[in-house]
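Just below is one structure, and these are the notes that go with it.
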There are 2 protein chains.
Amino acid sequence: MVYRRTKKVDQKLEARLQAIMQAARDEFARNGFYGTSIKDIARRAGVGVGTIYLYLRNKDALFAALVNEAYEMVLDRIARARKNAGSGRQKLQASMEAALAVLQENRDLARVMLVQSPAGHPAVAEQLYDLLHRLAKLVEEDVEEEIARGELPPQDARIASLAFVGTFYQVVMGWLKEGVPADLTAAGKELVAYNLRGLGYRVEGVKEDG
Amino acid sequence: MVYRRTKKVDQKLEARLQAIMQAARDEFARNGFYGTSIKDIARRAGVGVGTIYLYLRNKDALFAALVNEAYEMVLDRIARARKNAGSGRQKLQASMEAALAVLQENRDLARVMLVQSPAGHPAVAEQLYDLLHRLAKLVEEDVEEEIARGELPPQDARIASLAFVGTFYQVVMGWLKEGVPADLTAAGKELVAYNLRGLGYRVEGVKEDG
DNA sequence: TGAAATAATGAATCTCTATTCATTGTTTGA
DNA sequence: TCAAACAATGAATAGAGATTCATTATTTCA
């Protein structure tokens with residue numbers, strides 16, 4: 001009468017949770033928060049409707065978990081990239097490249113986070129805004145440092161950092177919504193140059209290729 | 001038995017329609033599409049629920065009408081600003097200033113269009129994306145012209161124009177969501193400088209203040 | 001193997017809100 | 001002033017979909 005889960009069942013439960021999360025990622029990425037029903041997710045995951053409620057408190061929690069997953073992934077990747085960078089300029093450049101790389105590798109998650117999350121629960125939409133805000137803060141600090149060092153001309157670091165983050169947002173949205181640019185990291189080269197120039201760095205002539 | 005509307009009634013009807021539209025603008029701007037019920041709008045407009053359906057087909061149509069209103073206003077304002085501009089650089093600068101000015105003058109509408117519209121019906125969200133896309137196209141043409149003229153260095157005009165539009169999106173979102181910058185058109189000066197530098201123009205030293 | 005414990009199921013419930021329409025109020029013109 | 005036409009109203013309807021829970025299936029271990 002003592003029931004204790006075997007490893008086999010544990011694995012099954014874990015696999016089920018993953019199946020549900022994956023199904024949710026697919027559905028939310030394609031149809032948005034309001035366009036996706038729990039039934040849709042259950043069907044795709046191959047489980048009953050009630051099963052989902054054994055794993056996640058409710059629909060909001062499920063969506064929030066996904067957004068959070070994306071959020072952590074992006075921040076973590078950028079933080080790691082910055083660790084290996086020396087100068088402020090290198091930090092900025094490394095951040096940009098890391099952000100584009102991680103998005104390119106997780107297109108569905110990016111779609112949930114950037115395209116669909118604003119359409120979800122207001123609290124969840126706030127999360128995306130908060131992420132962009134945090135990224136802008138990082139940039140702002142770098143820019144202020146560089147201004148103090150005389151590497152960049154005096155300017156409103158706040159506006160510059162918002163502008164900086166904004167360029168990414170728009171380019172990534174283009175990639176997500178119509179596949180242009182086709183290769184995000186390749187386009188990154190131009191984007192990096194645009195922002196470095198925008199901030200006031202001297203940038204070597206940007207050749208179209210190689 | 002022949003009933004013909006008098007001018008007085010016509011005016012009353014028009015005023016009522018406007019009251020409904022204004023109430024919808026307020027509510028949608030604050031609570032988004034799904035967070036706003038027809039009842040909310042009716043209450044704020046001081047009319048019965050059914051009355052709204054005498055003026056507008058349904059909730060979607062009401063929302064779409066508002067988004068469209070914002071859309072037209074922005075495009076129109078930019079088009080007019082560009083007419084008075086000579087060089088490509090002037091066209092770009094005039095577009096930027098016009099966009100910021102019209103948004104600053106219509107904050108609620110801007111909020112509906114930029115913050116809440118993606119949360120509405122997918123078809124309506126598409127409209128916002130389409131607007132940004134159109135603006136990017138305008139920029140792209142200007143940039144290509146300037147490259148051909150040798151006024152700007154060779155670059156991927158597509159990426160540059162997306163980046164350009166993106167800077168605005170982000171700064172305007174900051175203004176809408178937390179009031180930073182407080183004065184959009186004032187911040188515009190920095191923003192214009194950022195983008196002109198980003199594109200590759202030589203920009204005179206940007207002083208912090210007048 | 002079988003009784004106890006855990007997991008999964010999906011029909012039924014519950015809630016919410018867009019939309020309708022029978023009723024009431026207002027305007028018109030003779 | 002009054003009957004016909006128009007306009008406004010909000011309670012009732014309808015439909016969608018999130019969540020629950022009584023029932024069934026699976027797992028454990030003596």
Side-chain angles (χ1 to χ4, degrees), chain A residues 1-24 27-28 30-66 116 119-124, chain B residues 1-24 27-28 30-66 116 119-124:
Chain A
M1 73 173 175
V2 273
Y3 177 105
R4 220 176 314 181
R5 271 190 213 150
T6 58
K7 193 176 282 182
K8 198 176 140 194
V9 169
D10 265 344
Q11 286 174 345
K12 198 168 137 191
L13 292 185
E14 176 59 23
R16 243 166 188 203
L17 174 59
Q18 288 314 317
I20 290 169
M21 295 299 274
Q22 183 58 48
E27 290 290 330
F28 283 137
R30 198 174 314 278
N31 305 315
F33 185 76
Y34 290 107
T36 298
S37 70
I38 292 291
K39 214 175 192 171
D40 292 338
I41 296 172
R43 189 181 306 119
R44 180 180 282 258
V47 303
V49 174
T51 306
I52 288 180
Y53 289 86
L54 298 177
Y55 290 83
L56 282 314
R57 194 170 316 289
N58 56 29
K59 192 183 176 186
D60 275 1
L62 175 51
F63 191 67
L66 286 178
Q116 308 297 9
H121 203 274
V124 176
Chain B
M1 75 171 170
V2 271
Y3 178 103
R4 221 174 315 179
R5 271 191 214 149
T6 60
K7 194 177 280 184
K8 200 175 137 194
V9 169
D10 265 344
Q11 286 174 344
K12 199 167 136 190
L13 292 185
E14 176 60 21
R16 247 174 181 198
L17 174 60
Q18 288 315 316
I20 291 169
M21 295 300 272
Q22 183 58 47
E27 291 290 330
F28 283 138
R30 199 174 312 280
N31 305 315
F33 184 76
Y34 290 106
T36 298
S37 70
I38 292 291
K39 213 175 192 172
D40 292 337
I41 295 171
R43 189 182 306 122
R44 180 179 281 259
V47 303
V49 175
T51 306
I52 288 180
Y53 289 87
L54 297 178
Y55 290 84
L56 295 143
R57 193 171 319 287
N58 57 27
K59 192 183 175 186
D60 276 0
L62 175 51
F63 191 67
L66 286 177
Q116 308 298 9
H121 204 275
V124 176

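First the proteins, then the strands, lettered A, B, ... as listed; each starts at 1.
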Query raised in the report: Can you name the side-chain hydrogen bond (donor to acceptor under 3.5 Å, both in side chains) partners of A:Ser37, sequence neighbours left out?
Result: A:Asp40
Query - Partners passing side-chain hydrogen bond (donor to acceptor under 3.5 Å, both in side chains) against B:Arg43 (at least two apart in sequence or in another chain) - result: none
Whole-Å gap separating [atom2] ([N]) and [atom1] ([X]):
X       : N      : atom1 : atom2 : value
A:Tyr34 : C:dC16 : OH    : P     : 14 Å
A:Lys59 : D:dA16 : NZ    : C1'   : 11 Å
B:Arg5  : C:dT26 : CZ    : P     : 18 Å
A:Lys39 : C:dA12 : NZ    : C1'   : 12 Å
A:Tyr3  : D:dT27 : OH    : P     : 8 Å
A:Ile38 : D:dT20 : CD1   : C1'   : 13 Å

**Report entry** Residue pairs, two or more places apart or on separate chains, that pass salt bridge (charged side-chain N to carboxylate O under 4.0 Å, His left out) and touch residues 9-24 of chain B
**Finding:** B:Arg5-B:Asp10
Query - Selected nucleotide, minimal atom distance to B:Ser37 side chain, candidates C:dT27, C:dT17, D:dG17 - result: C:dT17
Query raised in the report: Which distance, rounded to the nearest 0.5 Å, do you find between the OG1 of B:Thr51 and the CD1 of B:Ile41?
Result: 13.0 Å
Report summary line: Between B:Tyr55 and B:Leu17 the two heavy atoms that sit nearest each other are CD2-CB, 3.9 Å
Report summary line: In terms of heavy-atom contacts, A:Ala45 and A:Ala19 come closest through CB-O, 3.8 Å
Report task. Measure up the B:Phe28 and B:Phe33 rings against each other and bin them: parallel (under 30°), tilted (30 to 60°), perpendicular (over 60°). Result -> parallel
Query raised in the report: Contacts to DNA chain D from residues 40-58 of chain A, heavy-atom cutoff under 4.0 Å, which residues?
Result: A:Val49, A:Tyr53, A:Asn58
Report task. May I ask you to list the residues of residues 7-24 of chain B, by number, that have any heavy atom positioned under 4.0 Å from an atom of DNA chain D? Result -> B:Leu13, B:Arg16
Requested in this report: Mind checking salt bridge (charged side-chain N to carboxylate O under 4.0 Å, His left out) for B:Arg44 and listing every partner two or more places apart, or none if nothing turns up?
Outcome: B:Asp26, B:Glu27
